[in-house]
Structures are given as structure tokens and as C-alpha cells.
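Quick notes on the structure that follows.
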Amino acid sequence: MLLRELVENSAVSVISSEGGTEIEITDVVYDSRQVTPGALYVAIPGTKAHGDSFIEQARQAGARAIVSENPHEGLGVPWVQVANPRQGLGMMGRCFFGVDLTQMTTIGITGTNGKTTTAYLMKHLLDKHVGPEHGWMFGTTGNVLGAKRFEATHTTPESIDIFRLMSQVTEPPRGLVMEVSSHSLALDRVAGMEFDLGVWTNLTQDHLDFHGTMEDYYTIKKRLFTQYLKPAGCAIINVDDEYGRRLAGELADDCRVVTFGHDNADVLIEVSKCSWSGIRMVLTYDNQTYRFTAPLTGEFNLSNLTAMLTAGFVLDMDVMTLEKVAATAPGVPGRMEVVDIHAPFTVVVDYAHTPDALINILSTASALTTERVICMFSCGGDRDRTKRPIMGRAVAEHCDYAVVTSDNPRSEDPEQIIAEILPGMTPGFGYEVVPDRREAIRTALTMARPGDCVIIAGKGHETFQEIQGVRHHFDDREEVVTAWTQITR
């Protein structure tokens, strides 16, 4: 494809350029290490370094042209200065790889909590809608391309990487589900994507180290619905969430909106019952009543499940199919995952690492547990410090005892992180501090009695502990099994 055609057809905003654009481009890349002769190198600003720093490396590797937000006179190869190279990257990638999103059902999911579980459920739904071999998913716990699974490096990958994958398969997907993080929206990583359905799960405090305020956090999340829906796209919104109610009102004149929740919703949760064995629910939609059962646990999964069923209604799937989809809904690794160690108490591993997520998991466990709920938790390093005491308070108010430990301290001192959690603890609440996570798991299991529930919170599906820039293998589920084996010898 000619550079001129690529720029024009991608509708990127050009500020200036130098050199001829009637040149053939053989690839589009944003990593100078991936440049091959004839490629277009797009220099995007990064969190640690700007792509401009690697232009010479790209040129030496054979880059035929450069796109940047800055001019580069006398570079020796044609260059194009654009207003937003990150956005341009996605748009040019979609154009270059010839991706036709109109031929597939696409679902984007955003929110603080519930994105991963809802993505799994939506993938399960699309498997029935388009066939499992034709459904793709991108999210926190991994990427799924039909029958193939790959580890995820980001919750939301660069859209150009998705477009490249689509160009490399014999048949592109017919259905695609993505977790769309606030970071990816702020950094235009989803540029070029369009969604038939945009799903809002909720908004609670998280990532304020990046966004600054809840208002900015909300505004960024809202972009999924204002910038990335297809012309006939639909916003599916949880109005049990206060920001969801606000969003539904603000979008009412811009796109189709279908709400779900317990009150004043299009898909209304009339009756629900949650137990360790599953969920039973009655929904009303369009003056019809529907009954569903699912092998999921917890009120928050009730919301995730309703989001999936709402999508099914919007996609005009028949009720018998939706009943089967709900009845076979998959659990998600590290999300309310019960670890079976044949103990007289229950052990649950969960990814909960925000105040709201902790409240959800602890409230669910309390309702299903006859004795005490013990929570082992911490906060990640190099992240929003303001939520640390809030998480301490959430735990103290919603369980019976806590073990405060370490969770991916990254460059920080784990004991300093713990020191910032403890002021949130309610006076008189029982807890102990065990900075070593492995020992903390052992401590929680040792103190558990018959009928108790032990919540191991924070890491969920993760299989590492990040300390001073190094990832050490660490899987909470494995550690629970090992600790209990040692305790019961």
C-alpha cells in the first residue's frame, strides 16, 4: 500500500510532512525492533520513553517512512507529522491490514470491577451465537483466539496487534470480546476498534494515581460509548451503579441504551437467590418474564450474569439458548475460585484489589458462611496510595478477622504499604500483620476453624509476585495447597 493511500484512507490528522508519499509500505509497526525493510515506523509516546528516541534504530533497520507527533527535517527518509500518533497507529493498522469490523459482532467491556468475569461470560455467549471456533477474547487473564490461548501482557492490547492477528488467520473472527481498560482509552490503544455493544459494569475508586480524580476516571471510561460504538451500536449499562445511572442519562440522545439492575431498568432483576452452588434469578424485559440458573456465586456475579443476558436480549438470541448459556456459564480463574483442599472450612482465591471488590467478595462470603470470614489482603505497590486505608476499612467492616500482608510491592517497601493500610482499620477490629505472603497464607489457614471461610484476596489468577522489578513465581492457589499439606502432615 502506498504511504499516501494509507494516510488518506486512515483519516489521520496531518500537520506537516517531508519526502514523497508515493512509496510502497510493507508493514506498520510501533516497535523499532520489529522493523523490516519497507515498514512504516510509528513513533508513539510511551510511559518510559518516546518512540522518537528509536527513529534512527528504525531507519537503520530499513524503515521506509516515519510517523511522529514531531517534525524531523533532514531525516533521510519520508516522515509525516500527525496530531496523535497513537490514534493514527490504530487507524492506519486497521486500514493497512484490511480489517472489516462490520462482519463481526464486537463487544467492549469497561468498568472498575467485573470486566474479566463479564468478558468470559460474553465470550461464552458469543460461542453460542457465532460458534466457539469463531470467537475471540482479549482480557486480563489471557487472550483467546478460537481454540488457542495466549498469555496477556496488558488488559487491553494495542488495536494494531489485534488487526495484525486478524490478517494472519485464514478466517477472521465472527465475534470478539475485549476488556477495555481506562488506560487503553486514555492512551488511544483501542483506536480503530468499533463495538456493537459497549458494556458498563461499575465505577469505584481505582487508578487515581493515573487519572487523578474520579471525575477524570469517569470521563475516560465514557469514551468507550462516545467514540467507539458502531453507528447502530448499543450501550448496556448497570444502573445499580451510580455512575452507570449518570452515564445512561448522558447517552440517552446519542445511542441506543439498554439498562439492567434491580430498579428502574430495562432488564429488571425481580428475584434472585445466591448460594455456594449457584444463582437463581428472575428477569423481566420487554414485558416478558424469564427464569435463569447459573453455576456462579455471589451478588456481584448476579450483575455480571445479567449483563451477559442483556447482551443476549439485544442480539435477539432465543430464550432457550440463553437458558443454556446461563446454565453452563464458566467460572473465571482467580475470580471467586474455591480451592478444594478437603478442609472443614472454605478457601476462596479472588482478584479483589479495590475497596469495592473487597466489599463484594466479603459480603458474598459472609452471606454464605455459618462461622467467621477471615480475609488475607494487601495493596499493590506503585499504585493509588489513597485507596490503602479505604481498603483497610472495607476489610474491617465486612469480615471477622484479617491478615495483612504483601501483594506485588513492586519498587515499594511492603511494610510501608502495610503501614498505610492500617489507619483504615476500625478500632478494636482483630488483625495481624504478616509481611511475607507465603507465611500469611499459612497463618490464615492455621487459624481457620470448621465452618469458616478464608478469603485470599488480591492476586487471583496471577502466578507471580513482583518485587523490585523482578517477577517471582507465586500462585496463591498453589500456595494454599502447599501450606495445607504442611499443616496437616
Side-chain angles (χ1 to χ4, degrees), residues 105-123 125-126 137-140 155-156 176-186 189-190 193-208 211 213-230 232-269 283 285 299-315 332 335 354-357 359-360:
T105 301
T106 52
I107 303 176
I109 303 159
T110 199
T112 306
N113 302 308
K115 291 192 300 297
T116 298
T117 299
T118 303
Y120 263 76
L121 293 174
M122 292 296 183
K123 171 63 166 58
L125 180 81
L126 284 187
M137 180 183 75
F138 296 89
T140 304
T155 294
T156 311
L176 180 145
V177 178
M178 287 180 64
E179 292 183 51
V180 184
S181 68
S182 57
H183 289 70
S184 71
L185 290 164
R189 287 210 301 260
V190 286
M193 289 298 305
E194 289 183 301
F195 299 100
D196 292 280
L197 306 180
V199 181
W200 178 276
T201 62
N202 51 63
L203 193 77
T204 61
Q205 183 173 334
D206 199 15
H207 304 306
L208 296 191
H211 297 292
T213 67
M214 286 298 292
E215 184 63 22
D216 288 343
Y217 187 24
Y218 167 79
T219 301
I220 290 296
K221 289 280 194 185
K222 184 179 175 181
R223 288 185 185 178
L224 174 64
F225 306 90
T226 58
Q227 297 181 20
Y228 294 103
L229 286 187
K230 293 181 181 179
C234 177
I236 295 176
I237 302 174
N238 173 19
V239 289
D240 285 341
D241 173 64
E242 62 173 312
Y243 283 99
R245 292 191 293 274
R246 174 182 167 183
L247 179 67
E250 293 176 354
L251 294 177
D253 297 330
D254 300 322
C255 64
R256 181 186 178 190
V257 175
V258 177
T259 61
F260 68 91
H262 286 83
D263 189 35
N264 294 322
D266 298 310
V267 177
L268 190 65
I269 303 171
L283 304 180
Y285 173 64
E299 285 290 332
F300 55 93
N301 272 327
L302 173 66
S303 179
N304 300 330
L305 183 66
T306 306
M308 179 196 73
L309 292 168
T310 301
F313 292 141
V314 172
L315 294 173
V332 182
R335 303 306 195 273
T354 68
D356 187 65
I359 291 171
N360 284 336

Test item: [X] side-chain N/O and [Y] main-chain N/O as donor-acceptor pair under 3.5 Å:
X	Y	value
Thr118	Gly114	yes
Ser181	Thr156	no
Asp241	Leu203	yes
Asp196	Thr106	yes
Asn238	Trp200	no
Arg223	Leu185	yes

Quick check for you: to the nearest 0.5 Å, what is the distance between [X] atom [atom1] and [Y] atom [atom2]?
X	Y	atom1	atom2	value
Tyr243	Asn202	OH	CG	11.5 Å
Ser303	His262	OG	NE2	8.0 Å
Asp240	Glu299	CG	CD	9.5 Å
Thr310	Tyr285	OG1	OH	8.5 Å
Asn301	Leu121	CG	CG	7.0 Å
Ile236	Thr259	CD1	OG1	10.5 Å

Heavy-atom pair of closest approach, residues [X] and [Y]:
X	Y	result
Val257	Ala248	CG1-CB, 4.2 Å
Asn264	Val239	O-CG2, 4.2 Å
Lys115	Ile109	CD-O, 3.7 Å
Ile220	Ser182	CG2-O, 3.3 Å
Phe260	Ala307	CZ-CB, 3.7 Å
Thr204	Tyr217	O-CE2, 3.3 Å

| message | Restricting to side-chain hydrogen bond (donor to acceptor under 3.5 Å, both in side chains), what partner residues turn up for Arg256, sequence neighbours left out? | response | none

So, do [X] and [Y] sit near enough that their side-chain heavy atoms are less than 4.5 Å apart?
X	Y	result
Tyr218	Arg246	yes
Thr112	Asp356	no
Leu247	Lys222	yes
Val190	Met178	yes
Phe195	Val180	yes
Ile269	Leu283	yes
Leu315	Leu125	yes
Phe300	Asn113	no

| Residue of the set Asp216, Thr110, Thr201 for which side-chain contact (heavy atoms from CB on, under 4.5 Å) holds with Lys221 | Thr110

| field | Steps toward side-chain hydrogen bond (donor to acceptor under 3.5 Å, both in side chains) verdict (Glu179, Thr116) | value | CA-CA 7 Å; Glu179 292 183 51; Thr116 298; 3.0 Å; yes

